[in-house]
Amino acid sequence: MGTTARRLESYVEGAWRRGDGEGQPVLNAATGTVHALIGTEGLDFKAALAWGRAKGGPALRAMTIHERALMLKAVGLKLMELKEEFYLENFATGATRRDGWIDIEGGIGTMLTFASKARRELPNTRVLTEGPVEVLSRDGSFVAQHILSPFVGVAVHINAYNFPVWGMLEKIAPSLIAGMPCIVKPASQTAYLTELVVRRMLETGLLPEGALQIVTGSAGDLLDHVDEQDVVTFTGSASTGQKLKSSPAILKHSVRFTMEADSLNASILGADAGPGTDEFDLFVREVANEMTVKAGQKCTAIRRIIVPKTHEQAAVEAISARLSKTKIGLPDDEAVRMGAIVSLNDRDGVKAKVAELATEAEIVFGSLDTVDLVSGEADHGAFMAPLLLHCAKPLTAEVVHSVEAFGPVATVMSYEDNQEAVELARKGRGSLASSLFSNDEALVHDVVTGLAPFHGRVLIGNRGSAKSSTGHGSPLAPLVHGGPGRAGGGEEMGGMRGVKHFMQRSAVQGTPEMLSAVTGQWVDGASVRSDVHPFRKSLAELKIGDQIATKAREVTLEDVEHFAEFTGDNFYAHMDSEAAKANPFFEDRVAHGYLIASFAAGLFVDPEPGPVLANYGVDNLRFLTPVYFGDSLKVRLTCKEINPRENADHGEVRWDCQVTNQMDEVVAQYDVLTMVAKNWPQAA
């Protein structure tokens, strides 16, 4: 079996452990030689789950969200330094360096994006709030707030073979930010690359004990021991996913299960995008690219090519011409454009699926039996030529809309009108991604709104985004990855939505005081402190509930007319009494809303240099009651939320600002956002 084969290990219960026996061989996809030995027999998966719950969970939950995010940033930067080691291991998967970039640097970049977005978009707390405070009683003594808190179990991530790095990192990043420890179970075909990356992550010493474990080989009875606080995610075939989803323990304990499965993704050429247009050329390039990148082994790859009947032959010829330039061979050969299928068994599986497709479609480019190589040996490596098929009767066909050949294979089919194009795309019964290439706005509206209910993501490709678009097949960290129906019905990533998948939403009810104690945010009706102007307090001194109630200021005709002349805002409701009275919302001329906000700032701001460093925004500004000449305004400003920034000498403070008139009617309500020094005076 060769002397270079590495015996893979699993990291469970705080140590690297081998399964019993020598392990099963895993072959190099391109050469057919034994690259690694894998096996988990004898490992205690029940104990691994218990270890994660007992060690990793408490350690992560003791950290704030920003601390977890900074931890991931540090790990990601270290992995980027080690990327060349990962690229070398990547070649054994059959993927070229270009393919590996998507997986390796794309995966690390995704983790870094999550770390960055968490620090920008989430507070530096351990519990998240969601939505406004709901007032449940007339006197305001009984209120409620939805909160999100991390599950106290383990996130089990069962991943596919095609993205051994990205597939792991895009899942563990939101899990760890949420505060859940992870057990990663990579697919056996490429587990050696995942194991290497996990080794390097653990070697950094940046992750708390128990935060990350890996199982290289069979998952054994792992899912028999999950409970109601665990989360399971799965990427792979729909049949395997359904089997796992129906595991007795998952059903018994209602374990949260997210699946990303088979997907017969479609790309549509708009009727306006005929030969000679930018959109036609972009479409052809994208289809050929999606068929050959990673040898077509992408869950988002284009499987169905839907073109107008009038452009069908031109599309077949153009795609075939582009595919004919694809150089196939050893993935570490710089001249090679497409490497190998991940294994000989998987290549044979792709060919078997093509045979099924051939009952409704004919091969119009490529050969199922031969492949021309620029390097490597066809008898040893899992090489395969790209295959373009054509289905003449797609509306009545079934196999082309239900069978996925997970390799460099796609089928062309035609449509008569927009409605028919959408109907064909929908026959996939739910997909991860679809795309439309068109420069016709009306056509784009009709087709995209038809596609959206059946797809997790829809790309619109045209000349305007040709240079900047990431393309049909690229899942991005800020966007949802998942799809309905056949695609599994799950969601991953989607920015901070992905973090919330690993947290429980709970409605907490009680007095404002008690709610503030739980959330760490001041709630109207909770106690306040008015000893010193809160703008004179550093972050170390400031507490939620610190408040200033200002004196009143009268709004005059002269104020409004000066503001209008100074700003150029001469809207009739401020300047024309007769026109204002004709407006159903006003009794007469009214003050500008932004004049009210400006006067409010003048009332509550302390002008002297101090710990408040900058005002960086206003959220949720609403003008609730008209302000007329002679009205008097006063402000109640209360410290609502404090978010100290890690590794910085300042933090963010959110202030509740309420402006009222002489009758105590709320005129304006909003949040003021400031940067405040952690200590004052600051060191020179």
Side-chain angles (χ1 to χ4, degrees), residues 11 52 56 59-60 63-90 93 95 97-122 124 150 155 157 159 162-184 186 190-214 233 235 470 474-479 481 492-502 645-648:
Y11 187 81
L60 287 169
M63 304 167 71
T64 67
I65 288 174
H66 287 200
E67 288 171 338
R68 297 172 205 149
L70 284 170
M71 171 188 73
L72 283 187
K73 178 183 177 182
V75 172
L77 292 175
K78 184 61 178 178
L79 291 181
M80 200 65 84
E81 293 176 6
L82 303 171
K83 65 182 180 182
E84 293 305 322
E85 183 181 12
F86 307 145
Y87 274 119
L88 288 175
E89 193 78 350
N90 163 73
T93 72
R97 184 180 178 93
R98 180 172 178 266
D99 295 338
W101 182 90
I102 303 169
D103 185 33
I104 296 167
E105 295 191 54
I108 299 170
T110 294
M111 185 166 73
L112 291 172
T113 297
F114 267 101
S116 176
K117 288 180 73 67
R119 300 196 312 279
R120 291 199 314 269
E121 299 177 19
L122 299 180
N124 192 15
H157 298 304
N159 297 329
N162 53 335
F163 286 101
V165 182
W166 178 87
M168 170 182 66
L169 297 182
E170 66 95 358
K171 290 183 178 182
I172 69 169
S175 309
L176 293 173
I177 289 171
M180 282 199 81
C182 303
I183 294 179
V184 174
T190 55
Y192 45 85
L193 179 52
T194 313
E195 188 234 47
L196 176 62
V197 175
V198 170
R199 279 186 182 275
R200 299 299 177 253
M201 293 176 71
L202 294 173
E203 286 170 0
T204 67
L206 295 167
L207 296 173
E209 187 179 41
L212 179 61
Q213 301 180 82
I214 183 172
T233 72
T235 299
T470 52
S474 298
L476 300 173
L479 306 181
H481 179 55
E492 296 175 355
M493 298 199 297
M496 294 303 96
R497 296 177 187 84
V499 173
K500 295 176 182 179
H501 294 164
F502 301 94
R645 285 196 174 188
E646 299 295 330
N647 301 331

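Just so you know, residue 1 is the first one in the sequence shown, and it goes up from there.
- Distance alone, capped at 3.5 Å, is enough to place a donor-acceptor pair between the E67 side chain and the T64 backbone.
- Across all non-hydrogen atoms, the minimal contact from G210 to P181 is O-CB, 3.4 Å.
- S175 contributes atom OG, which lies 11.5 Å from atom CZ of R68 (distance to the nearest 0.5 angstrom).
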Could you walk me through whether F114 and L72 satisfy the side-chain contact (heavy atoms from CB on, under 4.5 Å) test, starting with their C-alpha distance in whole Å, then the side-chain angles of each, then the deciding distance to 0.1 Å, before giving a yes or no? CA-CA 9 Å; F114 267 101; L72 283 187; 5.6 Å; no
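- The minimum heavy-atom distance linking H157 with T233 is given by the pair ND1-OG1, 2.7 Å.
- Counting heavy atoms from C-beta outward, P475 and M493 have side chains that approach closer than 4.5 Å.
- In this structure, the side chains of K500 and R497 stay at 4.5 Å or more apart for every pair of heavy atoms.
- With 3.5 Å as the limit, one finds no donor-acceptor pair spanning the side chains of N159 and T235.
- At least one side-chain heavy atom of F163 sits less than 4.5 Å from a side-chain heavy atom of I102.
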side-chain contact (heavy atoms from CB on, under 4.5 Å) between V75 and M111: does it pass, once the steps are laid out? CA-CA 9 Å; V75 172; M111 185 166 73; 4.0 Å; yes
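- In this structure the side chain of V198 reaches within 4.5 angstrom of the side chain of L202, judged on heavy atoms.
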Show the numbers, then the answer: is there a side-chain contact (heavy atoms from CB on, under 4.5 Å) between L207 and M71? CA-CA 7 Å; L207 296 173; M71 171 188 73; 3.8 Å; yes
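- For the pair E105/V165, no side-chain contact is recorded, criterion being any heavy-atom separation below 4.5 Å from C-beta on.
- Closest approach of P164 to T194, counting heavy atoms only: O-OG1, 2.9 Å.
- Residues K171 and L176 are not in side-chain contact: their nearest non-hydrogen atoms beyond the backbone lie 4.5 Å or more apart.
- You'll find the side chain of W166 stays beyond 4.5 Å of the side chain of I108, heavy atoms only.
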Start with the C-alpha distance between M201 and I172, add both sets of side-chain angles, then the distance that settles side-chain contact (heavy atoms from CB on, under 4.5 Å), and finish with yes or no. CA-CA 12 Å; M201 293 176 71; I172 69 169; 3.7 Å; yes
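- The shortest non-hydrogen separation linking P186 to I214 is CD-CG1, 3.9 Å.
- By the 4.5 Å heavy-atom criterion applied to side chains, F86 and L193 are counted as neighbours.
- Across all their heavy atoms, R119 and A69 have their closest contact at CG-CB, 3.7 Å.
- For the residue pair S116 / R120, a side-chain donor-acceptor distance below 3.5 Å is found, with atom types taken as modelled.
- For the pair A211 and L60, the tightest heavy-atom approach, listed with the atom from each and the gap, is CB-CD1, 4.1 Å.
- Under the salt bridge (charged side-chain N to carboxylate O under 4.0 Å, His left out) rule, R200 has a single partner from E89, E84, E85, E195, which is E85.
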